Amino acid sequence: MSGLPAAASGLHSSLLTWWADRGLPPWVFDAIWMVLMAAIVTVFVLLTVLFLVWVERKISGDIQSRVGPNRTGGRFGLLQTAADALKLLTKEDIIPECADRPIFVLAPFLVFVPVLVVFLIVPFGEHWIVKDLNLGVLFVVAVSALPVIGIFMAGWGSNNKWALLGAVRAVGQAISYEIPLILALVCVVVFAGSIRIGDIVSAQRDGHWFITRFPLQIAFLLYFVAAMAEVNRVPFDLPEAESELVAGYHVEYSGMRFALFFLAEFAHLFFVAAFCTTLFLGAWDGPWLPPALWFLIKTYAVILVIMWVRWTIPRLRIDQVMGFAWKCLVPIGLLAVLATGLVAAVWGVP
Amino acid sequence: MIHETTPTTQVALNMGPQHPSTHGVLRLELMLEGEVIVGCNPIIGYLHRGIEKIGEARSYPGFLPYTDRLDYLSSASNNLAYVQAVEKLIELEVPERARYLRVMLLELNRIASHLVFVATFANDLGATTAFLYGFREREPIMDMFEMWTGARLTQSWIRIGGVAGDIPEGFAEAARSFCAMLLPRLQEYDRLLTGNHIFRARTEGVGLLSRDVGINYGCSGPTLRGSGEPYDIRRAEPHEVYDRLNFDVVTDDSADCMGRYRVRIEEMRQSVRIVEQCLSQLPAGEVLARLPRVVRPPEGEAWGRVESPRGDFGCFVVSDGGPQPLRVRIRAPSFYHMGALPEMLRGWKIGDVVAILGSLDIVLGEIDR
Amino acid sequence: MGSPVTLHSRPAEIALAAWSIVKGLAVTLRNALRPSVTRDYPARRTALHPRFRGKLGHKRAEDGRPRCTACMACEKVCPTLAIREIEGDEAKGRERRVRTYVWDASRCLFCNLCVEACPFDAIELGQEYSIVGDSREQTCFDLEDLLEPAGKGESR
Ligand code: SF4
Ligand code: SF4
């Protein structure tokens with residue numbers, strides 16, 4: 001396989017030997033190594049997020065016959081988001097007088113941290129996974145449900161009716177769409193026969209991507225729609241519906257705290273696209289190019305489609321969003337699970 | 001429409017005056033049960049400039065530029081309503097060519113205003129892209145206005161006795177090519193918005209305004225025509241040369257947000273027809289009647305009404321024979337639509353407030369005056 | 001709620017809704033391929049049409065003197081009192097020439113009434129549009145600021 005992961009694992013084993021020679025316990029080394037890897041992934045994710053914001057602005061610019069960022073950082077405004085982030089970080093930190101201080105302050109972190117944590121199990125390439133938990137899928141489901149607590153805290157702690165309305169919407173929506181999402185995951189798990197990410201990926205090797213296998217296409221669409229709702233993108237952006245709720249749950253936030261919400265949203269977007277790639281598009285599987293590149297290409301393709309949809313259609317109303325989840329996606333999800341089970345039982349999983 | 005729910009506390013929510021979807025500085029005091037609206041109290045006046053009072057202290061021609069600032073999305077119709085009233089007072093004959101030019105200016109303003117409506121309405125529903133498309137299509141009109149009148153928005157080009165200047169060279173071609181460009185773009189809107197099921201789910205059946213209620217509240221224009229009443233000042237009381245032009249009064253029986261939206265889209269097509277007819281029928285001649293330096297209408301009163309993009313725009317001028325009006329009164333259609341709003345909102349959700357408010361296409365400049 | 005269109009009642013409707021979204025996507029894609037309509041403003045400015053109504057300007061006659069005879073017609077007609085402090089020199093009638101003239105851009109509506117009222121065709125609303133200032137004083141322009149540069153008038 002390509003040189004970099006091999007070199008990394010070579011470095012890992014030689015360092016481990018060096019460590020063991022000193023008579024130090026290997027689990028400490030493992031812990032340090034993990035923290036290091038996690039730090040690298042975090043930095044990578046943050047940079048990607050900055051890039052994604054730029055991509056989104058450029059794409060919306062193209063679609064809307066505009067130019068998009070074009071000053072900061074050369075003709076294409078590549079440094080625009082970096083500059084914006086810097087501006088947000090240096091802005092005055094405002095906490096509303098009547099806000100519930102501890103909750104208000106804690107909320108952005110509770111949204112931001114889980115979104116980063118889930119990246120631990122993203123297989124950027126062969127062996128390029130920080131920790132291949134044997135409970136991988138379950139871990140994702142559990143951790144990616146956490147931000148909604150932070151969102152509700154933000155809405156509640158702001159002591160603002162708009163924020164509260166946004167938070168209520170966010171909770172309802174996140175919980176509703178979690179179910180079709182999990183049903184889609186179940187289909188994948190049935191085919192992969194494991195909830196470990198490594199196994200799911202290796203089940204799709206050499207072009208046997210799950211999206212090519214009947215009836216996982218249904219699960220793919222299900223996941224795609226539910227994921228869009230999970231990351232609060234149009235048509236499911238009700239928690240922050242700008243023209244209705246001004247900014248929803250983060251209406252009272254400014255400066256760095258707002259930046260955390262903003263970054264978390266894009267990091268989450270990156271994650272659902274990466275996870276979609278992992279589950280259905282064969283992760284890093286692909287010919288010629290290095291695996292990590294394949295992974296990024298597929299992930300970006302998913303992201304582009306999500307953005308394209310976002311800049312095309314209007315948003316739903318809250319009861320329509322809920323109705324769509326419960327009356328449309330959940331039944332489809334149940335059917336998909338049934339079909340997957342039948343296919344797997346009758347023909348067996350290849 | 002209120003759901004059977006366990007009793008909850010009602011929450012008062014102030015929507016505006018600083019809110020992205022109140023189209024200016026409007027404040028809606030909403031009473032909510034959860035997300036459901038049980039009461040609404042529109043509070044207006046944040047943009048009050050006392051324009052009617054200013055009218056009493058300006059000369060007759062001098063008040064004209066102020067009327068631009070009423071319904072600023074279609075300043076020509078404001079100008080025209082005022083000017084018509086004054087012309088009736090002094091019994092002035094307006095040259096034929098000027099009448100055609102006025103109609104053309106008015107219809108171009110109507111297209112521009114309806115494009116802004118489509119843009120803001122789509123934006124209220126979350127379709128940000130259509131917002132920019134609407135403004136993009138409006139830009140050539142603004143450019144044409146600049147070419148003809150020298151100003152993009154507040155043209156003040158209609159004068160007592162005609163228009164201030166003839167169309168320049170190249171304008172007719174620009175107008176024709178714009179009309180040719182607009183029609184396919186409107187089809188694009190149909191694919192992007194009108195046919196979109198999410199858009200339909202958000203607008204169809206939402207914000208019903210029955211024909212009778214609409215009439216009782218004094219609604220007019222596309223808002224009333226969207227409820228199936230074919231009332232159009234251009235046909236009911238033809239002003240300028242409308243009686244000589246072919247166009248359909250567009251109505252829609254659905255009486256909901258979608259109906260009002262469809263009426264406006266179709267009216268743009270009709271306006272294109274009118275502009276093209278004006279261009280081909282345009283007679284030669286003067287564009288401004290001769291007028292004394294100081295306009296002193298004889299004692300009396302007159303009422304000018306114009307079909308503005310929002311509806312029945314009226315201007316009532318009372319003269320005591322002096323150089324300044326004794327009283328100027330303005331009938332702004334949006335004001336009456338505002339009155340019907342609480343009735344339309346009851347039972348709908350916050351997301352629908354912006355849809356219903358957007359579908360009325362109000363302009364605060366004329367409501368608050 | 002009784003919307004005629006729902007997004008979940010029948011499978012056919014879901015397919016139709018999806019198809020309508022695809023049609024919308026095609027529209028946005030087509031527009032993405034069109035060239036952008038915005039301009040890089042301060043760097044590249046669009047040409048204004050000759051009738052553009054911007055900053056007020058005083059014209060010069062063939063002999064280089066201002067055409068304005070301080071007849072006050074513009075001051076009288078201006079609805080917002082944006083024109084004030086007009087004073088002419090000692091000469092009388094058509095030979096009189098303006099000496100002071102103040103135009104307040106922050107009051108002006110750019111309505112063109114003054115230009116139309118001027119019997120000597122002495123003023124125009126020109127092409128200059130960035131007439132901003134930090135204070136009320138800075139938006140007031142006197143004759144010196146308004147008069148077109150000498151030499152330009154001769155060729156008129
Ligand atoms: S353009 Fe109108 S407002 Fe401005 S100075 Fe002339 S008359 Fe006064
Ligand atoms: S600009 Fe014209 S109208 Fe005004 S004072 Fe001079 S000559 Fe008279």
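Just so it is clear: chains get the letters A, B, ... in the order the sequence lines come, proteins before strands, and each one is counted from 1. What you see is a predicted model; the values in this text were computed from it and never measured.
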With a 4.5 angstrom heavy-atom cut-off, which part of B:Arg202 approaches chain A: side chain, backbone, both or neither?
-> both

Where the side chain of A:Gln320 meets the backbone of A:Arg317, is there a donor-acceptor pair that is under 3.5 Å apart?
-> yes

B:Phe199 versus chain A, the contacting section by heavy-atom distance below 4.5 Å = both

From CD (B:Glu137) to CG (B:Leu186), nearest 0.5 Å | 8.0 Å

Might you point out which heavy atoms bring B:Glu29 and B:Ile43 nearest each other, and give the distance in Å?
-> OE2-CD1, 3.8 Å

With a 4.5 angstrom heavy-atom cut-off, which part of A:Ile318 approaches chain B: side chain, backbone, both or neither?
-> side chain

Can the ring centres of B:His19 and A:Trp162 be said to be less than 6.0 Å apart?
-> yes

